[in-house]
Structures are given as structure tokens and as C-alpha cells.
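Below, read A as the first sequence line, B as the second, and so on, with proteins coming before strands; counting in each chain starts at 1. On a predicted model such as this, the values are computed, not experimentally measured, just so you know.
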Amino acid sequence: MQFSALSLAYNALTGHRHWKPTWRDAAPKDAYDIVIIGGGHGLAASYYLAKEFGFRNIAVLDKGWIGGGNIGRNTTIVRSNYLLPGNIPFYELSMKLWEKLEDDLNYNTMVSQRGVLNLFHSDAQRDAYARRGNAMRLEGVDAQLLHREEVRAMAPFLNFDNGRFPIQGGLLQKRGGTVRHDAVAWGYARAASDLGVDVVQNCEVTGFRIDNGKVEGVETSRGFIRAGKVAVAVAGNSSRVMSLAGMRLPIETHVLQAFVSEGLKPAIPGVITFGAGHFYISQSDKGGLVFGGDIDGYNSYAQRGNLPVIEDVCEGGMAVMPMLGRARLLRGWGGLMDMSMDGSPIIDRTPIDGLYLNAGWCYGGFKATPASGFCFAHLLATGTPHPTAEAYRLDRFETGHLIDEKGVGAQPNLH
Amino acid sequence: MSPQPNRRATGGLIDRSVSLNFSFDGKQYGGFAGDTLASALVANGVTLVGRSFKYHRPRGFLTAGSEEPNGLVELRTGARREPNTKATTVELYNGLAAMSQNRWPSLAFDIQSINNWFSPLLGAGFYYKTFMWPGFLWEKLYEPLIRRSAGLGRLSMESDPDSYEKVHAFCDVLVIGGGAAGLMAALAAGRSGARVILCDEDFRFGGRLLSERTEIDGTPCAEWAANVVAELDGLPNVTLLPSTTVFGVYDGGTYGAIEKVSDHLETPGPGQPRQRLWKIVAKRSVLAAGAIERPIVFGGNDTPGVMLASAVRTYVNRYAANPGKRAVVFTSSDDGWRTIADLAAAGIEIAAVVDPRLQVAPSLGDIAKRAHAPVFLGARLREANGGHALASLSIIGADNRERQVRADLLAVANGSNPNIGLTNHYGHRPVWNEEISAFVADVLLPGMSVAGAAAGRFALADILRTGADAGAKAAEDTGFSATMPPVPATTADPVSATPLWHVDKSRGKAFVDFQNDVTAKDVALAAQEGFRAIEHLKRYTTLGMATDQGKTSSVTGLAIMAELTGRSIPVTGVTIARPPHVPVAIGAFAGIHTGPHFKPTRLTSGHRWAEENGASFVEAGQWLRPQWFSRPGEMDWLETVNREVLAVRNGVGICDVSTLGKIDIQGPDAGILLDRVYINMFSTLAVGRARYGMMLREDGFAMDDGTTARFSETRYVMSTTTANAAKAMSHLEFARQVLWPELDVQTVSITEQWAQYAVAGPNARKLLQNLFGLAIDLSPEAFPYMGVAEFEFGGTTVRLFRLSFSGELAYEVAVPAHYGDALIRRLMAAGAEFGVTPYGTEALSVMRIEKGHVAGNELNGQTTAGDLGFGRMMSKKKDFIGRTLAARPGLVDPERPVFVGFKPVDPSRRLRAGAHFLGLGKAATTANDEGYMTSVAYSPNLGHWIGLGLIKHGPERLGERVRAYDPIRNGDVEVEICSPVFVDPEGARLQHV
Amino acid sequence: MRLPCPFCGSRDLSEFTYLGDATAARPDPDAPDAASAFFDYAYLRDNPAGPHREYWYHAQGCRSWLTVERNTRTHEILSASLASGNVQ
Amino acid sequence: MSELFAPLPAFETAFPISDGLTIEERSGIGLATVMIRKDQSAALVKRVRSLYGINLPASPSRAGTDDLAFIGIGPGVWLAAGSSSSGFTSMLANDLEGLASVSDQSSGYAVLRLSGPKARTLLQKGVPIDLHPSVFRPEKAAVTVIAHIGCMLWQTDEGAFEVAVFRSMAGSFHHWLAASAAI
Ligand SMILES: Cc1cc2nc3c(=O)[nH]c(=O)nc-3n(C[C@H](O)[C@H](O)[C@H](O)COP(=O)(O)OP(=O)(O)OC[C@H]3O[C@@H](n4cnc5c(N)ncnc54)[C@H](O)[C@@H]3O)c2cc1C
Ligand SMILES: NC(=O)c1ccc[n+]([C@@H]2O[C@H](COP(=O)([O-])OP(=O)(O)OC[C@H]3O[C@@H](n4cnc5c(N)ncnc54)[C@H](O)[C@@H]3O)[C@@H](O)[C@H]2O)c1
Ligand SMILES: Cc1cc2nc3c(=O)[nH]c(=O)nc-3n(C[C@H](O)[C@H](O)[C@H](O)COP(=O)(O)O)c2cc1C
Ligand SMILES: [Zn+2]
């Protein structure tokens, strides 16, 4: 059923009897043209494969329930304020896809372009942001460098006068903002399912059948599934899943925590990041302050966080927003993230014929969901990388064509 | 002050001799010491206390504890306003001011309760289905509307005026919860001599014992509890922490707890924090956090006056506050029947006892008989009526007949959920226990045991015994010999329960999650739309996501989902509880690390002198460094900096460089270690000389640079950049301890030991000569460029380096930091005759840019030695960290931007770092991007701006013009590529005699 | 989390910094396959779900680099020793 | 000696005063890091014992007196502390020549002595290690962190603690002390 105010009203009047399951809870078939592992970016990829490239015989397998991975546990920030040429066009493609996603999916994913503001505190930081802002402009992306008083006008509650690292200004991307995380998963699942994609939950991939260097299908907790091509998009578990195919990846798995406060009346405009501490924040439509900081810093598959990072994040919060003191932290959680060795993702084929990889999203892959899905679909369908995702090669570590936005090198916990 | 109409004259654990005044929504009331805000409101007959999140329904208290979903207030005023505070957890104090929230214009008349009428439109997930058209209206109209009506209380938006403290504690046994089980556990462990910490979130220990009228060992249970607490208080090895909630279990037996230190005061006392965050490391813990009673879902079950039976008993027994005059008890558990006697004893009339079970223990029937309460077995409530206050209830009897009963209070009991959220904190989910129809902990966390109601034990004797057992066991596990305290005698009350989750013939809205307005219908809609996985149910309906985290709703919601989908409860599963167990103020997690104390501040020993001399300071990592020294009459910083630069170039200046990292490297293999961490050779460096070096990361990119001096065969002193001092230190330690442990070399940071000043300018030598006299020969022959020396002077050791960042004749003088202040004063005195000028980091930077030296802006982790012009410095004779990977094609690509200088074609134009380079006439696109400006400065020597930057084929393009593209500051400038050395390219000034 | 430093004893996580995989040794720079060996060493780290050998630095303590065996699923510490191999 | 150069104390502000707690700066003392040379462990232990009569501790603890003490701060690393900074490091360097590398740190740290019955309670608030008398006994030492400030601490005799923090952080450490001293 098409979603609209009208259909909502109609259903309200008819006791909501007519709503259908949002997506078919499919059981796996014996064989597919393409099997995608991972119900995050994988859902988006399946949707674009079906919609843009006409594939129908596709399945998305997830070991759990749809949206249980990082797509359903991130801090919902979308932006394309990147620095390096390998990244900007890709994230900008994603922004453009976000901007029309609701129409596209007929699902309100609450794309909210209320701005992303990165504060700076020193001349060197200002210049680094200028370098970034100019790089964005070169790519046609909106970017503004605000001075202190312009920042104050946007966010008068910031600690301008009594801080350890005084606020000098900020880099603003007005088109940045937030998107309702769960709705993205559900919206893609619904749209893909409507196009015939099998969305298979509770189906864990436990192995690959590889014959003569070519992938034949996947072993799963629900039996073997034959596949023409297998596409892996299992953030956080990439190393484990690819090790089933005998591959080692330039990736470590780390936990990133996020936090939400109790519901509050509107307090924070858009997204604000504190450049001299580890803190960023936005406010959800429901009123919760959604905030976070750095990753916990060591390899972990525990999907939960540790206390020092909570303290660190809250110290950062109080340093810039001292009015947060009496707001209460309601819940914290963690997600397993694929931290790659240069902080940038991988969308590429692998040395194994028919096996494709989408990984290494670090803490920034939610905003990439549409473009990642789109470019992955392009690669799967055409065999060639989409032009905006060309830099995301698996062999770049060996050749030295790194995309290291932060310049910290092969040290994943610092990206 | 009005009397407290619902307060009984006697009984309860309140102190009637201490009257307290408080206000709610501006109206004044009275209460007593020992009250909570909730109990005082109940005593004053206030039943309407809040509005729900979505439909703005009128709400009263459901509970008397931290699981409260309804009774949220904005506590205090002004900057101390604290939204969403559960009135049930606030210890009453004199002068307390609270306001209801999420309503407008008033609590009684709330315009947005109109949402209630639109509720068919506002069911679960409604927003996903609409507001999509037209697109632009989302940010402009729909979203702001949603945002404004969502949210609960308001932040003050002012800085929190109170302070918070963070402390550490260690113990053998941490007991979480001081009810019957926890007290026994603490007693057992405490008597054994183990170090015990007992926390309870209540300001009074005793748990349910404070709210029940049972006897233990022949004394009223509250008195028994007080006696135990008194004994514990007397044990030196036991620490009692009331008003302290354990909120999280972290790895390694670390527990987070939050203590309300002065929340019971109008404002904290002097020097007192508002709250204290405890980080407790415990070898063992006993979770004795009790159980939380469950509501029953039926029509209008959110009407003010509908309360959990245990909460009714708490108000009646503990606070002598009657929440109503005529009550109905709706219970599916034996425990609920206890309420009858308590109500009767408090003089509350009992209109009906409704139990869906067809049969109950005869002893329960006796209770009802004694209280003259009509009993309806096999019956249920279909609807509660009354709007702002409960007026009547309709009962469907076993005979299916519907009756109306008048009542202003409903006590609901539906069995209890063990309070085991903390056992989930490592990610384990609890398991369903059919016998008690509740989830209990499955996998226990390392070191943790569970006792009492938290362990699913609901009979008091079991609770006391499991508590004592757990305490004794914990003490034994930590090496103490414990004797179980005798388990005191109690009466055996029946404790069976057969939960009734949802009255299916309910009329009106039947709430599952009270705060988030999730109804039974929403659960059904979720099921219909495929959101059947328990985590989907939660996210689609927001069930369990409110400030109470589903403590009274999650299990009920999943039970309804189980019914709807024909699955069992264990198959349906349960959502996971995550820390914090109760919401914790963000300020408490930050402690003292706020405002200027966010991070420690490092000050050099010359800081005071710099302050006295008008320095403006700038952050350099954690350090504060003088940025410049303004003089009266100077218009702006540029004028000041120009003066400082010219003073150095024409005379002599002094700059504090103490913050640069200094590492003492000693041992026979010191030179070998340096050879392996630097790209160039150091083992061949002569004693008494220094050399510039660059280090790479193992991935081949540049990491840090600096000069390293050799003081003896076995001693080098390395200097690093201020920013990378710690990184370089751990890098060296890694090289020494992990890569090459066979080397005989020792390293230690001596950054703090030495105060160091750069003395630069044509008069530098004269100045130093003035100061040191005969202590050292500074003639160019005896002390050439890159010479170093250590000598005794004025009672201390002085280190002297002839280094130059500015390109002038320059030295760095170091003395132990105790003497730093004296040194700068002496240097200034010695230079007075030359007009010596102190200069800051800004002038330092101008001069290094004039000389084309790289610094942090160039060493940004993305550049190689080759990019920065040090390609040829990379030794081919030896291995060093980063050598192999620096040879990768991507790192030696001739298309990589390379380091050069830039000057504006029109000398009046300003340059800015961060501009990108584009070929003249080329379109502004990424494809045409050739590099970027890394550093700029106004050169007072040249009279125009100069810049350093990275551009493709830079050194081959000297003289070519390009565009420095800076749209973000409207600063496009045409620039000429030039040598990065702007001043004195021959280096003659260095050798000034 | 608390790590048992062989020198200092049980210490809070906040005193340490992390480097990661401790299974690979720095390759021989003169070997013919040095380029690919170094690529492996620097980029292809072990990332198991379960016991993991890793380097930690006791930065706010005794400044020792430690080799720690830790379960990445449970965060349980299985062993810790000085990376230098020194036994005090 | 110091007619040219006058040393300054690290702390510029008075210490919080409360009953049961005395805080004072130990200024003018000598401090040095002593790091063992490769394979010289036994020889160093012997030399220190024969020259100073001190058993070099192999664990985080302090051996010696206020006049001269060795505090174990790492594997094969000690902080030597003496009553006067004058000539302190060079004496050690000469005495231990060939057996240890010695670096002067007399100015590198600000050292406080906290005594009185509340000293332990105050410090326990800040340190993430167990200071209970049964665990942190007299002469125990530790390198740890208080309020993000690295520190070394040791107990001299029952109840008195000495804490060394980087000199540059004395002001920030003082802020923690003042905020925490209300016990
Ligand atoms: C706390 C937090 C905050 C974040 N904040 C932001 C943010 O603000 N902005 C932003 O852009 N990014 C953010 N991110 C990052 C972002 O969420 C991720 O990068 C992104 O969602 C990754 O997408 P994915 O599809 O690759 O992974 P996921 O959404 O995790 O999908 C992978 C799926 O693979 C499944 N899977 C794994 N193994 C198997 C198997 N063997 N068989 C079958 N299925 C399997 C998993 O169950 C999972 O559902 C954040 C992440 C976290 C944890
Ligand atoms: N018969 C029944 O069905 C039934 C059911 C539940 C409870 N009870 C009665 O309840 C009592 C149970 O005893 P108990 O000791 O197990 O529980 P309790 O409820 O008496 O005590 C638990 C205590 O833990 C505290 N607490 C909870 N979470 C905490 C946390 N995270 N940090 C700090 N403190 C926390 C609470 O404030 C409370 O004081 C008995 O008196 C029993 O008769 C009976
Ligand atoms: C943007 C965002 C907002 C959230 N808001 C809430 C909230 O208001 N209340 C709540 O209980 N949890 C909230 N959560 C957290 C979820 O309950 C949950 O913890 C998170 O999605 C991770 O799942 P898990 O805890 O089940 O592992 C939010 C999560 C996200 C990503
Ligand atoms: Zn250590």
C-alpha cells in the first residue's frame, strides 16, 4: 500500500486493518543470481540492483533482524563534508540520494537537513577546515566557514567564554543533518521487497563454497544457497566473514558507543561537533539528545562499551555545552565497526571470482548507505566500479594510494 | 500552608517534627522529613502530576520508585532546573519547587491533549507513512511541529552551577540493594571481615521492608532493618552508601554508581558536589535489587489513581499517606492481596478485590473477609473512568457481567519482574522462568551473584536466606571465612501469581508503556506490519524507550506480542537492558573536567614572567604558550608580531621553547636506535654536535621532526615537536622494548626537567656572552652552528644548543625548570642593552615560514619525507622505520604535491592557509586541484604575505603563477610558485659573527 | 576493563593505549619479499572474535609495552606479559 | 650557589586546609630516573646495596629514607629521590656508571607530601588503584593517574604519602586537590 497522509487517514478510519507487513519475511530459496550478505548497506544495494539494474532474483541475508546492525544503532548523521578527492564525490552522491530518498522509497525516513557544524579552536584547525571546505566547494558541495559570532548566533549556549579550548568558529555544511536510522533500514527493506527481493532474516552465513577460485554459493544457518555472485556487506564482521573465504583484510573491529538522553524540548540545532574534544551531538525528533565520541579503542566484538569513554564523551560535552549538566544520560550502546587501515571504505571485487566486498566504513558508513548501495549495485551489475567509488580499492593499501582523511596512518583505533 | 489532607496522624517512617514546605506548579504544600516529593504530593491529595509524551494524557503516580513512568517534573528553578525528574525518587527538602512538564498552558488544561482525539492517526510508526509531501515542508513545517510537541521537560540552557565529583573505590563485596536480601548479604560478608560496600538508591536502607507491615524475628520489619543497618554502620570494614544507585557493570568488575550527595538540599553546601560518581572495583558483587511489580493492561489503565499495589502499600505504610479513600484491588498475584489489609488498616474503604484467577489460597480470602472487601474471582477490569482522577471502574465478573464500582484508587498487582537489568550489561539476555512467570538472570556476570526478589525469590524467608548465602559465599570467595548469620524467623505468606497481561475486552485505550503512550493496539499494529521481532516491536512502537526504560512495560509488551503471534514468551524474546540502569546526569560523568578544567593545563616555568609581560597565550596541545607580547599602542596582533619579528632579525629576541618534547636517550646502543627511528644517520654524529632528523611511521609517512644532540658517546637528547612529544616517546619505547629489545639503550622523557629558551638574532651571541661571561666560549670556532654544550653556571647545569629555527644566529639555552623563571629574567637583563624582545609562537611561525621550515601544518600525517623535500635525506645505507613502505608506488608518485613557497602576484593581497591551487584559467573542479597552501604569514621583512604549500611538480614550476582558490573566505589570490626559503637563502645570517 | 600489568598490577583501562595485533614480527627489511611482507605486517592484522594477542602500552603507568591475550568477545584477559620479554 | 639563579616552587597557590590533612610541597629535593643497562641487574643491585645500603626494589615500592630512596616505577626503572637536588644526579651517575643510565628529574616533578588521617581518603578519590592499608602498605609505590594527570606516588611511613606530578601540571593538580579536599 502506498504511504501518504491520505492512506494514513483512510486506515485510521478503518481501524488500521489494511496495513500489510512492511516487507515479506522471506524464507531463503535454493539459488539466486546474487546473494547479498548483510542487512544494512546490503538492503540498499539490493534495492538499487532491482530498481536501477533490473535484477529480481536477489536475496539479502542477515543473521539477525533487519536493522540490528549498525544501520540501526548509529547516531544518524549524514553529511558530505569530506576532505579528500576519493571521498567527497562519493559522499555527495549519497547526500543527493538522501535528498530524494523519501520519494524514492515512499517511506518517511525523516531526512532532516538542519546542518552539521564542526567547531574549531585554533588557527591551525581553522585552516584545516578551510582546506576541507575549499575541497568541498571544488566538488560543488556547500560549505561555509563561520567565525565565532556567527557560531554564537546559531548556538548561543556553547561555552564561548570559559572554555579550555575557546571556540573560534566552525565549518558548516547546511545540507548536512540527520536521518532516522531505523526508517532507512525498513524503508529500503520495504521497497526492495516490493520489487521482488527476498529479505531473509535470521540467516547467518557460515561459509562459502568456492570452486576453482570462483564462488558458488554460501553455507548458512538455513542451509546452502547457490549464488551467481556473492556480495558481502557485514560491517564489523567483515574480517570474520571474509576469513571464511580465506582472506585477510586491512580491517580491525572496534566498538563505537553512542548515547541518548532523556527526552527534552528542542535544545540543539542540527549537529554540532567539538573539534578539541571527542564529542558530537544532535537531537532526535523525539527529543533525545543523541551523542557520542571516540571509539573505545581496542578490538572488540562485544557490542557494548566501557566506562572511560563515557566519561570522556561527557567531559567533552560539558566542556562545550555546560547546560547539559543536569540532562540525564538515558542509555548507551555500542556497535561493531569495521575500522579500516586508512579510515576509508572498500567497495571492490576480491581475488575470488564472483565474491564482492563492501567494508571498512568505520564510524561513518550510515551516511553512505544510499551511495554505497548504489555503487555496490553498479559494481555487482556491471562488473566495473561506479566512477565515484573508484578509489575504494582493496589493493590501495599495498600500492600506497591511501585515503587517509585524518593522517594517522595504519592505526585503526585512531581513525 | 494547607494541612495534608491525606496524611494519617500516626505511623509511617516520616518525621512529623520536621515540617517541610514545597511547591508544585506554583502552589505551596507541606510535607515531612522522610517524604519523597511523590509521597508528599499524595499526602496533599494531588493526583494529577504529569502529562504523557504523545497524547498528553493526564497522569498520576504509578509507582513509588525509580521505575516511575508518569510522575516526571521539572525540579528546581533557574539554572538549576532539572527536567524529567521522577518525583518518586526525590527526597523532599524545604523550599523544593517543582513544575509539571510537557503541557501548555497548564497541567489541568493542556491544549495538546487534543492529540488524544487524533490518536487513530498517531498510532505506532505513523510518521514513517506520511509528512512526505511536499518534500520541502518537512524541515519547514512538519518536523518543527513534531519536535515541539515531542520531548518532555526543558533544559535551563544555562550552565549547570553545581559541581560533581568522581571517585574510585575498591572492595571485596559490593552489595547492590539494601532490602531484606541485601542487608543479609552485607551482614554475612561484613561480619566475616571482608571489605563491603552496600549501596541503595533510596535515602533509607530497607527496601520493601520499609513499606510492608510484616514482622521479622518478632519485630516490625522496618525496625528489624534499622537494627541491621545500625550493626553494619558499626563495622569498620563496611561502607554504607545510601542514595547511591549502581547504574552500570563494566569490564573487570568495575561498577558505576551515582550518589546523590546534596540533592536533598536546596543548594549544595560549600565545597560540596551535587552528586558523586563512584567507580567501584569489586571482587564480588551481590545483586539484591528486588523486583518491580507489573501493571495489567486494560482500558483507561493510565487514569490518575491507578497505581501498582506495592506502591500503594509504600504510600500507605511508609509515608502514612493515603492515595485514595475508596479502593479497588486488581490482582493476579497473592502478593497483591496483602494490600487489602494495609488499606483497611489505613482506613481506606475497599470497594472490590478483583482477581482473574478462579481460585486463591484460603488465607487470602480471610484477609478480604476481615477487611469486608467484596471479592470477584475469575474477574477482570475492563475500563477505568475519570479523566483527571479515577472515578469508577467496570468489572467483568466470572459470569461475564459488567458492573461499575466507584473508586478513587486502584491497586494493581500482576506479579513482579526481578530487577535484573544490571545482569544484562555484558550483553546477556535473561531467561524466562515459567514457575514465577518472569525473566531471571541466566548467565551471571563474572563475580556477581543474585539474591532475594532479584533472584526470583518472593517469599521473605527465601529472600533473607538467599541474601545471607550470597553474602557469605562472596566473602569466602575473596578469602574470608564467613559464618552465615542465622536467618531470622518470618511468617510464610503465599507468593504465587498467574499474570494477566492484557484484558482483551478492554474499552478505551489500554496502555502498555505509559510514558511513551504505547497501547495494546500499537503492539497489535506492529505485529500486523511485520515488526514481530522483539527489537522491532520496541523500535517501531518505542515501547520501553522512555525514561523508565520499560521497567514496568517491556515484559508486558512482549507478552502481548507473544499472545498475538501465538508464540511462547521465551521464543518471542526480550529486549536488552543497557547501562545506565537509571538515567544519570551528564554532569556527573564529567566530574570536575568542565569549562577551563576540561583537560589539564600545562604551564612552563616562564609562564608567570610571560603574564607579567603582557603575553597573550595560545593552546598548544595541553600547553599554554605565549602567542605574542602586545605593547601599549599597538593596533592589532599583526603589528605586534611584525615588531617581534623585526626585533629578532635586527637585534635579538627570546622565545620560550620549553614545550618541545625532550627525550634523554642513553646507553651504548643509543646511536643504533636513533639510526633506526630516523631516516638519516645519527650514530655518526660527533659528540658536542646536533643534527636535524625526521622520523617516519612504519607506513612510510612522515611522523615528526626535530634536532637531536649528542652529549657523550652514550647520551643523546632528542627534541620533538610539542604536538608529537608523547607520540614520539611511545614510538621510541615501542622500538626499544618491542622491535629491538636486544639493544642496550634507555629512554626517558625529560621535557619537564628543562626550561628552554631560544635566543635569536644578530645580537644573540653578545647577549649570552653578557650572561655567561667566561663560563663558556661562544666564539664561532669554539661553538659553531649545530654545536651543543653542557656546563655549570650559577649553581646549576646549563645546556646550550646552537640551533636556529628563525634562520638567525641563534641558540637554545636550557636550565632545570626550577630555574626557568630566573633564566628568562636573567636573559632579559643581559639583553637589555640590545633591546632584547620577547617573542611568541606567532613570530616564531612567521620566521620559520620565511625560512621554509616545515612544521605541524606540513607534518600532517598525509605527507611523505619526499613531499616535504627530504627525499634525499632518506639514508640508503641502513634500514629505518618506514623505509620499505615509503617506497610504495602511491608514496613515490611524481604526481604527489610537493613542498614549495608561494607569494602573491599582487603584493598587497593576503594569503590564507587552506586555499587550494588551480592552474590559471582552469575551472574550479576537483580534477584541476593541484594541491593546497599549508602555512602563511605576513613577512615584515619582505613587506608582503608569503606562503608554504604543496603543489604537483612544485620545484619544477618555480616562477609559474597559479590561483590560490579560497571560496570559503572569498579569498581567491593569484600566486607565484617560489622557493620556500624567502629570507636569506644562502644561510649567511646563521653564521653571523 | 582492567589490565594486569606484570609490573604495576591490576590497572584501569584509562591508563593504557592500544596498538593491536601482536602476532606478527617486523619483517626482515633485506628479504627479497620485504615489500609484501611489510604490507602484511602493517596492514593485515589479526582480527579474531575470541582470544587475541595484542600490544598495549602502559602509558600512564610504568611505560611498558605489554603483550596481552584478551578475548575480544568477552573482554576477558587471558594473560599479560612484558613485550620486551624482560622478566624483572 | 644560587646567587644567580633562584629556584621557584612548583605550586603557587596555598593548599586546602582541613582537619586531619596536611599538604606541603617538598621543594629542593633531588630526583633522577635510574634505568638499568642491559644485563646489569645483579651488578646494579649489588652496587646500590654496597654504596647506599639500600635494597633496590624489584617491584613498585620504595626503599630508603628521606635522604635517599629508590622507588620502583617500571621494570628496571627507578626514581631516585634525595633530600637535596644539588649534585644529586651527578653523584648517582658517577656511582652507577656503566650499570645504569641516570637522568636528572629534580625539576621535572612537583612533589607533595600528604599526611594525616585523611590523606589516604583524599588520594583514594583520585587514584584508580586500591589504597586500602591492607593492600597499599607502607613503602608501596605506584605510577598512575589522578584526574587525567599522570603521577607517581608512594607511601613513606604509615599514613604519609608523597605524590609527584609533572611540574607543568601543578596548577591543574592543585585544582583537583582543592575540589576533592572537602571530605
Ligand atoms: C554508535 C555508532 C554511531 C555511528 N554514527 C554514525 C553517524 O552518525 N553517521 C554515519 O554516517 N555513520 C555512523 N556510524 C557508522 C555506521 O552505522 C556504519 O558504518 C554503517 O551502518 C555500516 O553499514 P553496513 O551496512 O556495512 O553495516 P550493518 O548495518 O551493521 O549491516 C551489516 C549486517 O551484516 C549482518 N551480518 C554480519 N555477519 C553476518 C553473517 N555471517 N551472515 C549474515 N549476516 C551477517 C549483521 O547482522 C548486520 O545486520 C555509527 C556507528 C555506530 C556503531
Ligand atoms: N511476595 C512477593 O511476590 C514479593 C515480590 C516482590 C517483593 N516482595 C518483598 O520485597 C522484598 C524483597 O527483598 P529484596 O531485598 O530482594 O528487595 P527489595 O526490593 O526489598 O530491596 C531492593 C533494594 O534495592 C535497591 N536498588 C534497586 N536497584 C538498585 C541499584 N541499581 N542500585 C542501588 N540500589 C538499588 C532498592 O532501592 C531497594 O531498596 C521483601 O520484603 C519481599 O517480601 C515480595
Ligand atoms: C538515533 C537513536 C536514538 C535513540 N533513542 C532512544 C531513546 O529515545 N530511548 C531509548 O531507550 N533508546 C534509544 N536508542 C537506543 C536503542 O534503544 C538501542 O539501544 C540501540 O538502537 C542499540 O540497540 P541495542 O541496545 O538493542 O543493542 C536510540 C538509538 C539511536 C540510534
Ligand atoms: Zn605498568
Next on the checklist: List the residues meeting ring-ring contact (aromatic ring centres under 6.0 Å, His included) with His58(C), not counting sequence neighbours, and say none if there are none.
Outcome noted: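 Phe16(C).
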With a 4.5 angstrom heavy-atom cut-off, could you sort out which part of [X] is near chain C: side chain, backbone, both or neither?
| X | result |
| --- | --- |
| Arg888(B) | side chain |
| Glu733(B) | both |
| Ser730(B) | both |
| Phe880(B) | backbone |
| Tyr426(B) | neither |
| Val748(B) | both |
| Arg883(B) | side chain |

Checklist entry - Taking atom CE of Met1(C) and atom OG1 of Thr254(B), what is their separation to the nearest 0.5 Å? => result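 Output value for this atom pair is 10.0 Å.
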Item to check | Separation between CG of Asp699(B) and CZ of Phe39(C), rounded to the nearest 0.5 Å | outcome: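 Result: 12.5 Å between the selected atoms.
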Next on the checklist: Quick check: closest heavy atoms across Tyr55(C) and Phe734(B), and the distance to 0.1 Å?
Outcome noted: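 Between these two residues, the closest heavy atoms are CD1-CE1, 3.9 Å.
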Next on the checklist: Tell me the closest heavy-atom pair linking Ala83(C) and Val738(B), and the distance in Å.
Outcome noted: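 Closest heavy-atom pair between Ala83(C) and Val738(B): CB-CG2, 3.7 Å.
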Item to check | Portion of Phe38(C) that has a non-hydrogen atom of chain B nearer than 4.5 angstrom | outcome: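 For Phe38(C), heavy atoms of backbone and side chain both lie under 4.5 Å from chain B.
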Would a 4.5 Å heavy-atom cut-off, applied to side chains only, mark [X] and [Y] as touching?
| X | Y | value |
| --- | --- | --- |
| Trp740(B) | Arg26(C) | yes |
| Leu885(B) | Tyr43(C) | yes |
| Arg2(C) | Asp251(B) | no |

Checklist entry - Which residues in residues 69-77 of chain C have a heavy atom less than 4.5 Å from any heavy atom of chain B? => result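 Thr74(C), His75(C) fall under the 4.5 Å cut-off.
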Next on the checklist: Any side-chain to backbone donor/acceptor pair from Gln737(B) onto Ser84(C)? Under 3.5 Å, distance only.
Outcome noted: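 No, because the side chain of Gln737(B) does not come within donor-acceptor range (under 3.5 Å) of the backbone of Ser84(C).
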